[in-house]
Amino acid sequence: MISIIIPTLHEAPNIARCLQRLHAGDAALIREIIVVDASSKDDTAGIARANGAKVAVVAARSRAFQMNAGAAMATGDILYFVHADVLPPTSFAGDIMQAINEGAEMGRFRFRFDSPRLMLKINSWFTRFDRTWVSGGDETLFIRRDVFGQHGGYNERFIIMEEYDLVARARKTAKYTVIQKDVLVSARKYEHNSWWAVQRANLTAFRMFRQGAEPAAIKQVYHRMIRHPKDI
């Protein structure tokens, strides 16, 4: 059974659509949907409850903390971490179970942006490959609960790049796969910044991560390089 965990902050415009898509999955394979909200000032938590999610409200604005909190609440054998502005394929639950049954212990989907811009289509095309630099939270991550526990879950020191850190640690011993179906990802970051500005910021953050820079320093540099629709 799959437990779906969604960290949120000020996601009232997106959370209902996300939850409705998740409810369209195979209910026989889904144990629960857990939204861990970082005390949003809008009605994210209320909308989530109205759309059938279990909701926990926490003070910390940290995806790593929020996703660990959701994992602690979860009762499923497989944890599936999803961002609120992402729409998985309706077949996601069956796709994940098939991957698990074929021996995968963790993995992600490809993605495509909700935008017709050519450069974003090119970005999306590369996510079909198992390469660290094209992976991240937007693709959604599934992982067996026992594997998540063995590796200590998300390192809450990582206030940015938390997905890269967990995957880098866990895949040293766990079998990883890329499911060749697309999740639909919001292009809202590109509405506030040029394509090149976002790529430059992403590459800078990734390089700093690989060099072992402190997460707080990575986040400071990243947020200085581009404008954000919200701060998380």
Before we go on, tell me: are the rings of F148 and Y154 under 6.0 Å apart, centre to centre?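 Yes; Y154 has its ring centre under 6.0 Å from that of F148.
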
If I compare all heavy atoms of [X] with all of [Y], which pair ends up nearest, and what's the gap?
X	Y	value
A64	N155	CB-O, 3.9 Å
P89	F109	CG-CE2, 3.8 Å
G76	R145	O-CD, 3.3 Å
G70	I34	O-CD1, 3.6 Å
N51	I47	ND2-O, 2.9 Å
F111	S124	O-CB, 3.2 Å

In terms of hydrophobic clustering (I, L, V, M, F, W, Y; side-chain heavy atoms under 4.5 Å; direct or indirect links), are [X] and [Y] co-clustered?
X	Y	result
F81	V178	yes
L19	L184	no
I15	I30	yes
F113	I226	yes
L203	M225	no

Plane angle bin for F129 and W125 - parallel if under 30°, tilted between 30 and 60°, otherwise perpendicular: perpendicular

Do [Y] and [X] meet the salt-bridge criterion of a basic N to acidic O distance under 4.0 Å?
X	Y	value
D130	R171	yes
E11	R188	yes
D182	R110	yes

Mark yes when over 12 heavy atoms from residues, nucleotides or ligands other than R210 sit less than 6.0 Å from its CZ; otherwise mark no.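 Open.
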
More than 12 foreign heavy atoms under 6.0 Å from CZ of R200: is that the case here? no

Between [Y] and [X], is there a side-chain heavy-atom distance shorter than 4.5 Å?
X	Y	answer
M67	E163	yes
V36	F65	no
R224	V221	yes
F209	F158	yes
R17	R21	no
V82	F92	no
T177	F142	yes

Donor-acceptor under 3.5 Å ([X] side chain, [Y] main chain):
X	Y	value
R169	G153	yes
T90	G25	no
Q66	V58	no
S91	G94	no
N193	K189	yes
E32	S3	no

side-chain contact (heavy atoms from CB on, under 4.5 Å), that's the test. Do L29 and I96 meet it? Break it down for me. CA-CA 10 Å; L29 300 176; I96 291 171; over 6 Å; no

Value rounded to 0.5 Å, distance of [atom1] in [X] from [atom2] in [Y]:
X	Y	atom1	atom2	value
I5	K54	CD1	NZ	10.5 Å
R108	I143	CZ	CD1	14.5 Å
M106	I100	CE	CD1	10.0 Å
M97	M1	CE	CE	9.0 Å
D138	R112	CG	CZ	14.0 Å
Y222	I160	OH	CD1	6.0 Å

Within the 3.5 Å criterion, strictly below it, is a donor on T173 or H151 matched to an acceptor on the partner's side chain? yes

Pair Y80, T140: side-chain N/O donor-acceptor within cut-off below 3.5 Å: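 T140 and Y80 do have a side-chain donor-acceptor pair below 3.5 Å.
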
Which residue, V55, V86, I33, forms the side chain to side chain contact (heavy atoms under 4.5 Å, CB included) with I6?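 The residue from V55, V86, I33 that satisfies side chain to side chain contact (heavy atoms under 4.5 Å, CB included) with I6 turns out to be I33.
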
